[in-house]
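What follows is a short report on a single structure.
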Amino acid sequence: MILHEVEKFERSEIEKLQAEGLQYTVKTVYDKVPFYKNALDNAGINPDDIQTVEDVKKLPFTVKKDLRDHYPFGLFAVDRRSLSRVHASSGTSGKPTVVGYTENDISSWADLIARALTIAGGKPGDMLHNAYGYGLFTGGLGLHHGAERLKVNVVPVSGGNTDRQIQLIEDFEPELLSCTPSYAVNIAERMLELGKDPRKTSIKYGIFGAEPWSEEMRHRLEELLGIKACDIYGLSEIMGPGVAMECHEAQDGLHIADDHFIVEVINPDTLEPVPEGEFGELVFTSLKKEAFPILRYRTGDIASITTEKCKCGRTTTRMSRVKGRIDDMLIIRGVNVFPSEIEHHLISFTELVPHYQVHIHKDGNLDKVSLHVEIEEALFNSWGKQLDCEEAQTLIGKLQHTIKSYCLVSMDIVMKEPKSIPRSEGKAVRVVDHRINNKVFQK
Ligand code: DLL
């Protein structure tokens, strides 16, 4: 096993590096980004006050709205001519959020991804079938440069055209596959339809992320594809993919690149830190970035962290799987639930395919939530292609009972015919909210 030097550091060594990075970032944003100069002046903070990692807690937060308000380049710390590249995320409403990279930023991002691919089981000489979207989205190009840095050869196939992807996987025999977990299900399902065995490909490791997915989904994917599936986390505001990567050895939380970022977990209501091991909102501060340094960015993602050494030997901070985004949390008659928690229980029903959607409607003054699930094709055929049969009702009852017992919410279950729930080629749409102006609004 190859461990990067910083992955073996004692906590005191990591914190020393982090303190230096923090001082650099605070000085940079104070001198170069008027928004941060104002924010720090208003908080009565002089960059020289920031000496230790703990001092990060004195700094003001940054939120997505700050990026939108300074669209497109208002929070950049370098002149446009010093940029190498920009990326953007579309979001669901309003202006996209734009992020920028200098040549050094692109290079340290490539280092991070090279490290992430190693953590996930990749090695020089391997081939990566990279089915993350290329373009403004950071997934495709992010993985691409990191793979090249590790001397892993990349097939830059991007998302979509699944039949062609399957053909290329058969012909080129890659060891690594990167895409969203929902697209990996889609690829496997299509292989089965084409009469091919998804367990018989050359792929050994899956690098899946960019959307929440559950432990049950991991088991299903590992079973379907005969691979090890590891979770990769990141967001464009902080860097892109590679902020954290789960190791294939332990598959027990994602290793955060502590030398590039300080992570905090806060209570999203009080903004106070939560104790290690408890769930809260992830907050990141960048330590090395030049074009788009960022202080205490509130990600909206709910997870927990631990600084306990991993079974794989790495000493970096680890984060749990992301349960979901705060905006995607469903509040059903006072009970909070994330789609990924529903997914966790739904996936164990092998009568159903691993695609689903949660629909929210207005019903008088109340919100009505229904869970759309899809029946497995062979079973559907054996029912004479009917969904109003007794077997279907029994299955619906069982699922309803399971979700009520584990997630403590009651929801209508709508069973759909095979292939009727939209398949994703990138990030899956799990929540469809029909309440906004009576229009379908997809989160
Ligand atoms: O999704 C970057 C990425 C690309 C990560 C490829 C992993 C692989 P954005 O489009 O800016 O960037 O979206 C970031 O996606 O705040 C999370 O809500 C969600 N997300 C990303 N990775 C995971 C993950 C990319 N592993 C937003 N689990 C983040 C759960 C994830 N959610």
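Please read all numbers here as calculations on a predicted model, not as lab measurements. Just so you know, ligand 1 is whichever comes first in the structure, and atom 1 is the first atom listed for that ligand.
Taking a cut-off of under 4.0 Å to the non-hydrogen atoms of Arg325, the atoms of ligand 1 that pass are 16 (O), 18 (O). Applying the 4.0 Å criterion to heavy atoms of Thr138 picks out, from ligand 1, the atoms 2 (C), 12 (O). Listed by number with element, the atoms of ligand 1 under 4.0 Å from a non-hydrogen atom of Tyr132 are 6 (C), 8 (C). The ligand atoms of ligand 1 that sit less than 4.0 angstrom from a heavy atom of Gly139 are 4 (C), 6 (C).
Cation-pi geometry between Lys288 and Tyr24 is not satisfied (NZ or CZ under 6.0 Å from the ring centre, within 45° of the ring normal).
For atom 9 (P) of ligand 1, the nearest protein heavy atom (residue, atom name, distance) is Lys427 NZ, 3.6 Å. Of all protein heavy atoms, the one closest to atom 23 (C) of ligand 1 is Ala210 N, 3.4 Å. Of all protein heavy atoms, the one lying nearest to atom 31 (C) of ligand 1 is Glu211 N, 3.6 Å. Scanning all protein heavy atoms for the shortest distance to atom 11 (O) of ligand 1 gives Ser236 OG, 2.6 Å.
The number of heavy-atom neighbours closer than 6.0 Å to NZ of Lys309, taken from other residues, nucleotides and ligands shown, is 12 or below.
Between Tyr233 and Asp301, the side chains place a donor N or O and an acceptor N or O closer than 3.5 Å (distance only, hydrogens not considered).
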**OP:** Report the C-alpha distance between His87 and Trp109 in whole Å, list the side-chain angles of each, state the deciding distance to 0.1 Å, and finish with yes or no for ring-ring contact (aromatic ring centres under 6.0 Å, His included).
**Re:** CA-CA 13 Å; His87 279 285; Trp109 188 15; 5.7 Å; yes
Subject >> Chi angles and distances behind the side-chain contact (heavy atoms from CB on, under 4.5 Å) call for Leu67, Thr62 >> reply: CA-CA 8 Å; Leu67 273 73; Thr62 310; 4.2 Å; yes
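If you look at Asp301 next to ligand 1, the close heavy atoms, those under 4.0 Å, all belong to the side chain. Under 4.0 Å from ligand 1, not a single heavy atom of Phe208 appears.
In terms of polar-atom proximity, defined here as any N/O pair under 3.5 Å, Asp231 does make such a contact with ligand 1. The distance criterion of under 3.5 Å between nitrogen or oxygen atoms is not met by Pro241 with respect to ligand 1.
Relative ring orientation between Tyr205 and His248 is described as perpendicular, the plane-to-plane angle rising above 60° on a 0-90° scale split at 30° and 60°. Ring orientation note: the planes of His434 and His359 are close to parallel, at an angle under 30° on the 30°/60° scale.
Legend: side-chain hydrogen bond (donor to acceptor under 3.5 Å, both in side chains) pairs involving residues 151-161, not counting sequence neighbours: none detected.
For atom 14 (C) of ligand 1, the nearest non-hydrogen atom from the set Val99, Ile207, Leu235, Thr180 comes from Leu235.
Across every non-hydrogen atom of Glu222 and Lys228, the tightest pair is OE2-CA, 3.4 Å.
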